[in-house]
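Reminder, nothing fancy here: chain letters follow the sequence lines and each chain counts from 1. A quick note: this is a predicted structure, and the numbers were derived from the prediction, not measured.
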Amino acid sequence: MITEEKKEEKNLNFIEEIIEADLQSGKYEQIVTRFPPEPNGYLHIGHASSICLNFGLTQKFPGYTNLRFDDTNPVTEDTEYVESIKNDIRWMGFEWKNELYASDYFDTLYEFALKFINAGLAYVDDSTSEEIAALKGTPTEPGKDSPYRNRSIEENLALFEQMKNGDFPDGSRTLRAKIDMAHINMLMRDPILYRIKHAHHHRTGNKWCIYPMYDFAHGQSDSIENVTHSICTLEFAPHRELYDWLIAKLEIYPSHQYEFARRNLNYTVTSKRKLLQLVQDGHVNGWDDPRMPTLSGLRRRGYTPESIRDFCDRIGVARRENMIDVGLLEFCVREDLNKKALRRMVVLDPLKVLITNFPEGVIEMCHSENNPEDIASGMREIPFSREIFIEKEDFLEIPTKKYFRLAPGKMVRLKGAYIIQCDDFVKDENGEITEVHCSYIENSKSGQDTTGINVKGTLHWVSAPHAVSVEIRLYDRLFSVENVSGEEGDFKDYINPESLSIITGYAEPALTDTKPGEAFQFLRKGYFATDTDSKTEKPVFNRTVTLRDNWAKAAEK
RNA sequence: UGGCUGAUGGUGUAAUGGUAACACAGGACAUUUUGGUUGUCUCGUUCAAGGUUCGAGUCCUUGUCGGCCAACCA
């Protein structure tokens with residue numbers, strides 16, 4: 001027990017190690033982190049890592065986590081996204097201390113800009129974006145000073161005031177920091193601090209027509225909020241130098257930035273730009289399409305927050321490039337659902353079976369456990385009759401070796417009911433098997449079997465007259481290649497055309513009592529979740545994930 | 001010809017100068033009224049070359065390979 005605890009404490013990721021050291025040295029008594037989404041899209045599985053990291057840190061160490069919307073670009077942002085983001089974070093099981101917005105600081109940020117101008121550290125540049133780019137240089141060549149770089153403080157003040165007042169059109173002027181056009185770090189070559197955008201902002205409305213850039217808003221917001229550990233992804237590492245420089249020159253609270261590698265999942269994309277395109281071009285049915293790697297899509301698909309948190313724990317946090325197998329995500333949801341999901345029998349591809357020695361018109365009730373992993377979930381009744389459906393793939397005219405399902409002369413157990421033996425089958429003119437004739441073995445009923453017969457196969461089934469038709473949506477991976485962004489050309493060329501197929505299934509009556517979001521295991525078929533489209537008269541289910549299938553694996557070889 | 005950053009089984013993550021480990025994936029067996037679950041076993045790893053050291057995945061040097069950096073995006 002003691003060694004186990006010790007081990008758990010010892011296995012810290014690199015950020016936790018930094019925090020542990022900061023706490024131990026007395027640098028901080030508590031930590032403050034923040035989750036800083038831009039409200040320009042829905043949260044996806046990659047964000048889940050960041051959420052678990054930022055919120056998890058302040059569960060593990062003293063302190064708290066804020067939610068801060070990084071809303072400095074009004075043209076792409078919207079309250080719809082704000083709401084979905086808040087909803088998704090709560091669904092994941094986390095609660096923020098303060099709900100904050102970078103736009104709350106626009107006045108302060110404007111003051112900061114003035115301070116910079118007065119200190120001779122910022123200037124208004126009349127150059128076009130092309131001119132700015134041309135003078136910027138390249139990673140190997142230094143840039144050149146803008147002709148507007150040495151305006152007087154008074155002129156800069158006046159011009160910036162006019163920018164704020166809306167005297168200039170979009171793109172005509174910017175406010176730039178005066179740092180060093182020859183700096184080895186491109187981001188330090190007089191970065192743009194403010195730009196003109198005559199656009200309506202989702203929170204400040206039309207109050208502003210100039211908006212701060214990320215670099216002049218993010219670190220400043222961190223500082224205003226006394227964020228101790230500002231955690232972001234690796235591509236922001238070069239920004240850190242600017243982050244620190246701005247805070248130092250402003251002489252404000254020194255937050256510190258730490259970067260970790262974003263988590264990449266194979267067979268999927270996690271770029272808001274690409275996800276937006278999938279939605280807008282109609283390749284999927286919205287942000288919450290169950291094929292989407294968005295949290296709302298995963299939720300609708302049937303993934304549980306527990307399984308996603310477990311996934312994030314397992315993949316950990318590091319600084320190296322990675323490509324995580326979606327198989328791990330699937331493992332996590334199976335493990336969670338195995339404990340929770342009620343078992344139901346649903347035939348997806350029916351084949352009629354006639355129990356020839358079972359009396360016509362008789363209905364016999366069978367019983368089966370709702371979940372063998374959870375005795376408390378109880379039992380349910382299942383009607384049995386002379387005519388049932390089994391899965392087409394569960395009968396073979398000529399069985400292959402090691403096939404222990406139904407075949408002429410063979411016996412199988414019907415789950416929760418009788419052992420049956422196949423006596424005969426019927427083919428249509430196309431050679432298609434349309435019906436199988438069996439006889440049930442007396443005294444072999446589940447729970448009161450006195451026959452001593454041992455069968456290898458157990459099949460799921462449903463009584464034909466009692467079968468309820470339900471809509472079932474089967475999903476496959478959205479992309480057919482492992483590393484979508486590693487491929488040439490348009491990523492949409494790699495969309496899997498068979499990512500969705502809709503079929504009708506035949507369910508036992510107990511399944512009809514369901515509400516959207518509920519999870520079931522369809523015996524031998526997989527985990528399914530009731531869809532938001534589901535109605536009492538027409539239930540709809542999404543396949544979350546199939547069961548592990550060793551037989552299918554063996555059959556492939 | 002630049003800067004920053006990284007490299008441990010197929011994948012992801014540990015090992016903080018002292019026996020390279022855990023999980024997933026793969027394979028085998030057992031159990032099983034779900035070919036599920038569970039259990040047992042198994043496979044396989046330090047980018048390379050030098051150096052320091054009694055001892056190097058870890059420290060040093062050089063090299064190789066990967067990622068990121070020239071949006072009025074974040």
Side-chain angles (χ1 to χ4, degrees), chain A residues 7 10-13 17 36-38 40 70-73 75-77 125 127-129 132-134 136-143 170-176 183-187 189 192-197 210-211 213-215 217-218 232-241 259 261 263 266 272-273 313-325 327-332 334-335 338-339 343 345 368-369 372-373 402-405 412-417 419 446-447 449 454-460 521-526 546-555:
Chain A
K7 214 174 194 175
K10 194 105 207 302
N11 270 353
L12 300 178
N13 66 49
E17 277 178 9
E38 184 189 10
N40 67 345
D70 230 337
D71 55 350
T72 57
N73 185 4
V75 300
T76 56
E77 296 157 6
D125 194 334
S127 308
T128 63
S129 102
I132 289 176
K136 191 121 194 191
T138 70
T140 52
E141 295 163 296
D170 285 9
S172 60
R173 284 179 172 80
T174 56
L175 182 74
R176 293 230 260 166
H183 200 107
I184 201 77
N185 181 350
M186 298 282 293
L187 289 158
R189 321 243 260 227
I192 294 171
L193 268 21
Y194 265 93
R195 77 291 214 189
I196 302 170
K197 273 181 196 281
I210 55 170
Y211 292 93
M213 295 285 289
Y214 166 85
D215 286 306
H218 198 103
C232 61
T233 47
L234 237 37
E235 66 269 26
F236 289 96
H239 290 253
R240 191 176 61 237
E241 190 172 14
E259 312 88 19
R263 321 313 288 176
N266 61 7
K272 278 201 260 183
R273 204 199 92 242
D313 279 351
R314 285 168 184 267
I315 62 182
V317 175
R319 282 178 70 88
R320 67 182 91 118
E321 293 298 315
N322 58 80
M323 180 65 76
I324 297 150
D325 193 337
L328 183 61
L329 218 208
E330 295 175 344
F331 165 83
C332 291
R334 282 191 192 107
E335 186 173 66
N338 179 48
K339 296 177 297 192
R343 273 55 170 173
M345 294 201 285
S368 191
E369 62 280 358
E373 304 297 314
K402 282 203 189 160
Y403 183 86
F404 42 86
R405 302 178 185 181
V412 294
R413 158 78 60 188
L414 294 175
K415 172 70 182 177
I419 293 174
S446 191
D449 184 348
N454 236 334
V455 292
K456 263 203 156 157
T458 300
L459 307 186
H460 63 282
Q521 184 195 110
F522 291 179
L523 232 64
R524 303 207 301 141
K525 287 278 121 186
T546 59
L547 255 29
R548 267 184 64 196
D549 190 348
N550 283 319
W551 168 245
K553 243 183 257 170

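Under the 4.0 Å criterion applied to side-chain N and carboxylate O atoms, A:E369 and A:R343 are not assigned as salt-bridge partners.
Atom C1' of B:U45 sits at a distance of 15 Å from the matching atom of B:U19, rounded to the whole Å. Taking atom P in both B:U64 and B:A48, one finds a spacing of 15 Å when rounded to whole Å. With both ends at atom P, the span from B:G50 to B:U46 equals 16 Å, rounded to whole Å. For the C1' atoms, the distance from B:G10 to B:G2 is 36 Å, rounded to whole Å. Distance noted for atom C1' between B:A30 and B:U37: 14 Å (whole Å). As rounded to the nearest Å, B:C65 and B:A23 have P atoms that lie 36 Å from one another. Separation of the C1' atoms belonging to B:C22 and B:U8 is 13 Å when rounded to the nearest angstrom. Here the separation of B:A15 from B:A21, taken at their C1' atoms, is 7 Å to the nearest Å.
Among the atoms of the strands shown, none is found under 4.0 Å from any heavy atom of A:S368. Nucleic acid contact class of A:E38 (heavy atoms, under 4.0 Å, all strands): sugar-phosphate only. In this structure, A:Y211 reaches neither bases nor backbone, as no heavy-atom distance under 4.0 Å exists between it and the strands shown. Within the nucleic acid shown, A:F522 has no heavy atom closer than 4.0 Å to any nucleic acid atom. Contact annotation for A:A237: no contact, since no heavy-atom pair falls under 4.0 Å across all strands. When heavy atoms are screened at a 4.0 angstrom cut-off, A:H218 is found touching no nucleic acid atom at all. Note on A:P37: nothing from the nucleic acid sits closer than 4.0 angstrom, heavy atoms only. Within the 4.0 angstrom heavy-atom criterion, only backbone atoms of the sugar-phosphate kind lie near A:V317; the bases stay farther away. Looking at heavy-atom distances under 4.0 Å, A:N185 makes no contact with the nucleic acid at all. Residue contacts for A:I324: at a heavy-atom cut-off of 4.0 Å it reaches the sugar-phosphate backbone alone, with no base atom in range. If you check every strand for non-hydrogen atoms under 4.0 Å, A:S127 touches a base. Here A:G457 lies out of heavy-atom contact (under 4.0 Å) with every strand. Within 4.0 Å (heavy atoms only), A:G143 reaches no atom of the nucleic acid at all. Residue-level contact check: A:R189 touches neither bases nor backbone, having no heavy atom under 4.0 Å from any strand.
Contact check, A:T138 against B:G2: no side-chain N or O comes under 4.0 Å of OP1 or OP2. Contact annotation: A:R548 does not reach the phosphate of B:G36 (side-chain N/O to OP1 or OP2, under 4.0 Å). In this model, the phosphate group of B:U13 is approached by a side-chain N or O of A:R263 to a distance below 4.0 Å at OP1 or OP2. Phosphate contact (OP1/OP2 of B:U46, side-chain N/O of A:R320, threshold under 4.0 Å): absent. Residue A:K525 places no side-chain N or O under 4.0 Å from the OP1 or OP2 atom of B:G36. In terms of phosphate contacts, A:K553 brings no side-chain nitrogen or oxygen within less than 4.0 Å of OP1 or OP2 of B:A25. Contact check, A:N338 against B:G36: no side-chain N or O comes under 4.0 Å of OP1 or OP2. In terms of phosphate contacts, A:R195 brings no side-chain nitrogen or oxygen within less than 4.0 Å of OP1 or OP2 of B:A71.
Evaluation of A:Y214 against the base of B:A74 yields no stacking contact (centre distance < 5.5 Å, interplanar angle < 30° required).
Atom CG of residue A:D449 and atom CD1 of residue A:I419 lie 5.0 Å apart, to the nearest 0.5 angstrom. A:I324 contributes atom CD1, which lies 9.0 Å from atom CG of A:L329 (distance to the nearest 0.5 angstrom). For the atom pair A:L175 CG and A:I210 CD1, the distance stands at 8.0 Å (nearest 0.5 Å).
One interatomic measurement links the two molecules: CD of A:E241 to P of B:G3, which rounds to 13 Å at whole-angstrom precision. Rounding to whole angstrom units, CG of residue A:L187 and P of B:C73 are separated by 14 Å.
Residue A:S446 has its side chain nearest to B:U33 when only B:C73, B:G12, B:U33 are considered. Considering only the side chain of A:A318, B:U13 comes nearest among B:G36, B:U13, B:A74. The side chain of A:I132 approaches B:C72 more closely than any other nucleotide in the set B:G36, B:U33, B:C72. Taking only side-chain atoms of A:N13, from C-beta outward, the nucleotide of B:A14, B:C73, B:C69 with the closest atom is B:A14. Distance from the side chain of A:D70 is smallest to B:A74 among B:C69, B:A74, B:A14. With B:G35, B:G3, B:G12 as the choices, the nucleotide that has an atom nearest any side-chain atom of A:I184 turns out to be B:G3. Nearest nucleotide to the A:E321 side chain, out of B:G67, B:G12, B:C68: B:G67.
Positionally, the nearest nucleotide of RNA chain B for A:K136 lies more toward the 5' end than for the other of A:F236 and A:K136. Closest-nucleotide positions on RNA chain B for A:M323 and A:Q521 were compared, and the one nearer the 5' end corresponds to A:M323.
Residues A:H239 and A:Y214 place their aromatic rings such that the two centres sit under 6.0 Å apart.
Side-chain atoms of A:R524 and base atoms of B:G35 include no donor and acceptor less than 3.5 Å apart. The base of B:U34 has none of its N or O atoms less than 3.5 Å from a complementary donor or acceptor on the side chain of A:T458. A:R413 contributes a side-chain N or O that forms a donor-acceptor pair with the base of B:U33 under 3.5 Å. For A:E259 and B:G6, a side-chain-to-base donor-acceptor distance below 3.5 Å is absent, hydrogens and geometry of angles not being considered. Taking only distance into account, the side chain of A:R343 meets the base of B:U34 through a donor-acceptor pair shorter than 3.5 Å.
Taking both residues in full, the closest heavy atoms of A:R405 and A:V412 are given as C-CG1, 3.4 Å, listed atom of the first, atom of the second, then distance. Nearest heavy atom pair, residue A:D70 against residue A:H218, reads OD2-ND1, 2.5 Å. Closest of all the heavy-atom pairs between A:E38 and A:T76 is OE2-OG1, 3.3 Å.
In a base pair of the Watson-Crick type (N1 to N3 plus N6-O4 or O6-N4) or a G-U wobble (N1-O2 and O6-N3), with each distance short of 3.5 Å, B:A20 is matched with no nucleotide. Base pairing analysis places B:U40 opposite B:A28; the two distances defining the Watson-Crick or G-U wobble pair are each below 3.5 Å. When both distances must be under 3.5 Å, the Watson-Crick or G-U wobble mate of B:C59 is B:G51. In this structure, B:U64 forms a base pair with B:A7, meeting either the Watson-Crick or the G-U wobble geometry with both donor-acceptor distances under 3.5 Å. Remark: B:G35 base-pairs with no nucleotide; criterion is Watson-Crick or G-U wobble with both hydrogen-bond distances under 3.5 Å.
When the side chain to side chain donor-acceptor pair (under 3.5 Å) test is applied to A:E241, the partners found at least two apart in sequence or on another chain are A:H183, A:N185.
For the pair A:R413/A:S446, a side-chain contact is recorded, criterion being any heavy-atom separation below 4.5 Å from C-beta on.
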